[in-house]
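As the structure is a prediction and not an experimental result, all values here were calculated from the model. As a basis for the values below, the full set of heavy atoms in this structure was taken, side chains included, without hydrogen atoms, waters or symmetry mates.
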Amino acid sequence: MSYSIDRRSFLRGAGAAMPLPFLNMMKASAKSKNDDQSPLRFVSLFKPNGVHPPSWNVTGGNQKEYRLAPLMQPFAKHKKDLLIFDNMGDFGFSAHQHATRRFMSGHHQNTKSASMDQLIADKIGKKTPVRSLELTTEGLFVNQIGCSYISYDAKGKAIPRNSDPQIVFDQLFRNPMSHPKKKAEMSSLLDRVRDDAKTLERKAGHQDKDTLDQYFTAVRETEKRLQNMNNRSTSKVDFSTLKRPEVSGNLDDQVETMLDLMALALWTDSTRCISYMLGNSNSRMVFDFLGITEQHHYLSHFFRNFSRENIDALLKISKWHMEKFDSLLTKMKSYKDVNGQTVLDNSIVLYGSGMGHSDNHTATRIPAIIAGKGGGLIETGRYLRYNGNQRLGKLHLAILQKFGVDVNSFGGESQALNGLSGERIDEHREKAFSRWVKVNSDEIVVQSRLRLSDDLNEAKVFYLDLPDGSSVKLEIQFRDFHDFNLAYYCGEAIKLTGKGSNKNGQLTITKVTELKSLFGKKAGSTGG
Amino acid sequence: MKKSLLTGLLLATSGQAKELTLKSEVTPFLNKYCIECHGGKKVKGKLDLTKIKNQKDLLKNYEVFESALDLIHEKEMPPDDELQPSKKEVALYENWYKKTFIQNVKAQAGPAKPRRLSVNEYKNTLRDLLGFDLNINFAEAEETVMEKSLVKKIMPLDPPGKSGFQNDTHDTPLTSVLWGKYAFISETAVSNLFQKKNRSHLEKYSGTITKNNFTKSHAEKLIKNFAPMAFRRHMPTSEIQKTLSRIDSEDVIESTKFELKAMLMSPRFLFRGHMVKTQSGKQQKVDDYEIAERLSYFIWGSMPDKKLLSLAYRKKLNSPEILKKEINRMASDDKSKNLAEDFAYQWFALNEIEHIGGRFPVTKSMMTQPVYFFNYLIKENRPLMELIDSKVSFANPLLRSYYDKKDQKGIKAYRKGKGIEIEYVPHSRITLENTTTRGGILTMPGILAMNASKGRTSPVLRGTWVLERILGDHLPEPPNDVGVVAENKKGQNLSFRERFEIHKSNKTCAVCHDRIDPLGFALESYDSMGKFRSHMGGIKNRKTKVTSPKSPIDASGELYGEKFTDFTGLKKLLKTKHKETIIRNIVRKTMSYALCRKLEVYDKEAVEKIVSKMIKENGTYQDLIFTISQSMPFQEVYLAKEN
């Protein structure tokens, strides 16, 4: 994409744009004087509106050996840095605003206390110029206000979010309290306005002097704060070399710029705790830059608004969400910390949603991934499928404890989730079954686990993998897809009979005649 | 605890009320009839007369004695069950009042006291100075809203000043916290002015910039043109030169930016009224620039534009003809919607509509409806009393059902887009030919619905609102120990109004409720969401399957001895018998907003002059603005002698 260079050029180099990583600045950071211990950071990235399960759910495998689901392909290159959770969830269905609250508050009824990021910020945010950042992409969804917030203060009140990269940049890097050049400028500004006010004072009557006195006091106090800041400036990076981002052209531009800023803020230790919403839950955003004309929320109800085009559009949007997660991780990896590891290595990034199935709003199999080793606290490169629903509160509690937050329970959970550091977990056990295929002229019978194609551009294509490493391909008409509700059986062990042939060595079924789930129920018999 | 109990006991047993220290011919009257409840044994209605110790205190609290005059006159005070003054004694009070607060008070201009721009003024001033809104970027989506203004997002809300309006910032000083916020906004403002997309706005000051080359001569032109706009007055060449001498040829852009930031942080930009030239102990006319500023912040909530400043430079604004023309020009400009969005919004407490609950787009429609209406009154120069009664209203499809089918035709048709549940759309102007139950601000759905509680109408809240906001009365806080209206006991079948009559039979309560209730109960023909109704009750409870008794609405009443049968009757009374009171309130509220301060006893003469002129000439809103701008408090300023 052509904008990628422009967007990255917000660092002002000698004439030309300087792409990531900014090696010269890394050196500056490496010179940090007395502490060579890298700080631990927390980042959360919220994906709105759940997922389309056939494309998200991991189909089988174990902790170390597993196949990433189709939607995970965009960030497949980070597989070693990921800890993928499965069977996170709760009982029943979830309204959008509940799903949004659940994402970082453990449970949707946890409405009177802080979300986990804020507890972490209380713990680790004191040493940085900015305690924490609460970011988002879009405005408030006022018809259901809870859809717009994931971060809540100690009283459970929603924390205002920032969406404008320019403003966030100004707060982080133009702040006179953290920016040496801006500090100098502020000092001369204070001198200047004091002169100006003094000229006025000479002309002013005594009632006028009262307001000028207030003005002088404010100026004096600001000066004092600046001087105090001199003694505890934390960053060794010269912020004046950073160029303010341009106004974002479209959503993608805006998000990429924000992700750049997040990585930079973490690396410069301007802040250690960030929450970012890729969109409101129930988002009415139209992803026109992806060539989509329908609202995201409408498309996310992929079953009730079912059409091939709608599914394709939804998957495009979901894929975009995944690409942004990839972007964040890539950017965080591009910065070296003082201990020689990357910023990602010293962070815990929580990525996911607050609901599972985006059409029927089930609160089961909620997407949840931790990225980053958390300075050695997290054993990544694994897929953890727990036995039975694990409430998000347990995961949140486990993360809180990694940060040393002194809590015994969170969101109604007093048992932290096992497994983050490699402890034994109660794993989901699958019933054993054999995989085979029988070909009888044009009739093919196959027994295996059904999965969606890894390539989302051909999301109507399915595969059934065989023990010898080959697989049977399902390339059928919409009619069959619809009649047999094929997507529903994704991840399940099935026995499927159909018509087909061997096309250049690839067994391909083009018409389904019979489909039977080995262990599960019939399509439509479990809520949605 | 023990100590206070003991003193309380002593006071009670001694049976002796405190006496006033005030030395005045009215002191015996106050001691005899008022002190027992207002500063003696009790302090009712937050009024403690013992705190009024001398002539100065008296004048400061002139409103107390003004409402006392009304209350004594209407025989509402002292309460019925207390000792009543004789006619002679009443006359004594009246004479004293006239002497003290009218005859002996010299009309005087307000003090020369600079004040910080309110957040609203600051936001608008930046917009008009820069040429663009200082907005936040975000991805826009249907049914999704965001505070777009950077200023509004960052600055804390101004608390209302003594005048009740937020532009009365006299008591909210600049602090270092605010200073930091101003600095942040100035930084962003200047950065954005130099952005490519705002090139045309920059060039308005600097002249055309070719090939991205911002030269020293651009910088000079920019500063010469920018400074007088930012400071809202002509700048002497010497001062401009001083600024220009600071431009660094090596780094023209950065040093120019710095100068602009310094201007935006200067007290001359952030405050109003610093440049008013005054002499201690003297009252004098303010200069033309100050008039231009007073006018533009009054009507636009923003800085004067080029035209106004050039008239001020040529000293033309003291001509009434030119001033009148300018006011008409300003009122016709879109920026005059400030009077609706800021002034009327606060006057009518429209923020209360936000608390109605329910779906946001509906609430928003209810909230913007009176804003549209007030904007119409200003822009189309309607007579003052049309606030109370008008054939014109505004509605969007979400408020359709409040209006008669034939009148609904004026509402612009609208089709929801795909996937949209409910959304706000602008109002259309409608004519109320067939909707007999509406017209004027009192019967607007939002006004009716905001004065309700827990799904039930609140005659008290509605009555209080009309009394305070429309008739300009001041009510004390209700006592804490009155409790709530009792529910029907078993076998009892009293209407809410009947039970309420029992509830307020207490004589002390009656003092205020006799004024509040007729107004509130007349509006009972409108339910808690402001829908018209002829009956109440008759609703089946889903659980118990019991239908509540249905009873016709009794909206009749009596206001100061005049009977009426329903709200239409009451409205007629308001438009005739209470016209003067309503116009006085409109004048006072508008004047207070224009002067950004509470009206004092020395403003009374000016107010009364305007009131009689408005009544005599059936004045319009622009007439009112003009008359205020011609008045002494608007034109002059007074600087007290230094102690």
May I ask you to check whether A/R174 and B/S191 show a side-chain donor-acceptor distance below 3.5 Å?
-> yes
Side chain, backbone, both or neither: which part of B/K197 has a non-hydrogen atom closer than 4.5 Å to chain A?
-> side chain
Tell me, with the steps shown, if A/Q166 and B/Q195 meet side chain to side chain contact (heavy atoms under 4.5 Å, CB included).
-> CA-CA 12 Å; A/Q166 289 189 335; B/Q195 261 170 357; 2.6 Å; yes
Nearest non-hydrogen partners of A/D170 and B/T188, listed with the distance | OD2-OG1, 3.1 Å
Most chain A-contacting option - heavy-atom pairs closer than 4.5 Å, from B/P267, B/A141, B/P361 | B/P267
For B/I136 and A/S163, work out which heavy atoms get closest and say how close.
-> CG2-OG, 3.9 Å
Sort A/Q254 into side chain, backbone, both or neither according to what part of it lies under 4.5 angstrom from a heavy atom of chain B.
-> side chain
If you take all heavy atoms of B/F184 and A/Q171, which pair is closest and at what distance?
-> CE1-N, 3.7 Å
Is the NZ atom of B/K148 crowded by more than 12 outside heavy atoms at less than 6.0 Å?
-> no
Salt bridge flag under 4.0 Å for residues B/E421 and A/R284 | yes
Member of A/I167, A/N162, A/D164 meeting the side-chain contact (heavy atoms from CB on, under 4.5 Å) criterion with B/K153 | A/N162
Which pair of non-hydrogen atoms, one from B/K261 and one from A/L189, has the smallest distance, and what is that distance?
-> C-CD1, 4.0 Å
Interface check, chain A: of B/T175, B/I420, B/L174, most non-hydrogen pairs under 4.5 Å belong to B/L174
Could you tell me which portion of A/S188 (side chain, backbone, both or neither) has an atom closer than 4.5 angstrom to a non-hydrogen atom of chain B?
-> both
At a heavy-atom separation under 4.5 Å, does A/N305 approach chain B through its side chain, its backbone, both, or neither?
-> neither
Assert top hit (heavy-atom pairs under 4.5 Å, partner chain B, pool A/H297, A/R220, A/E294) equals A/E294
Given that the side chain runs from C-beta out, which part of A/V286 has a heavy atom under 4.5 Å from chain B: side chain, backbone, both or neither?
-> neither
In short, B/W179 meets A/A218 closest at the heavy-atom pair CD1-CB, 3.8 Å
Pick whichever of B/N192, B/N135, B/L178, B/I154 has the most heavy-atom pairs under 4.5 Å with chain A.
-> B/N192
Which of A/T136, A/V193, A/V142 touches chain B most, by non-hydrogen pairs under 4.5 Å = A/V142
Compare every heavy atom of A/M186 with every heavy atom of B/A183, then report the nearest pair and how far apart it is.
-> CB-CE, 3.4 Å
Honestly, the part of A/E185 sitting under 4.5 Å from a heavy atom of chain B is both
Checking heavy atoms, do the side chain of A/Q144, its backbone, both or neither come under 4.5 Å from chain B?
-> neither
Using a cut-off of under 4.5 Å for heavy-atom pairs, which of B/R268, B/R116, B/K196, B/R115 has the most such pairs with chain A?
-> B/R268
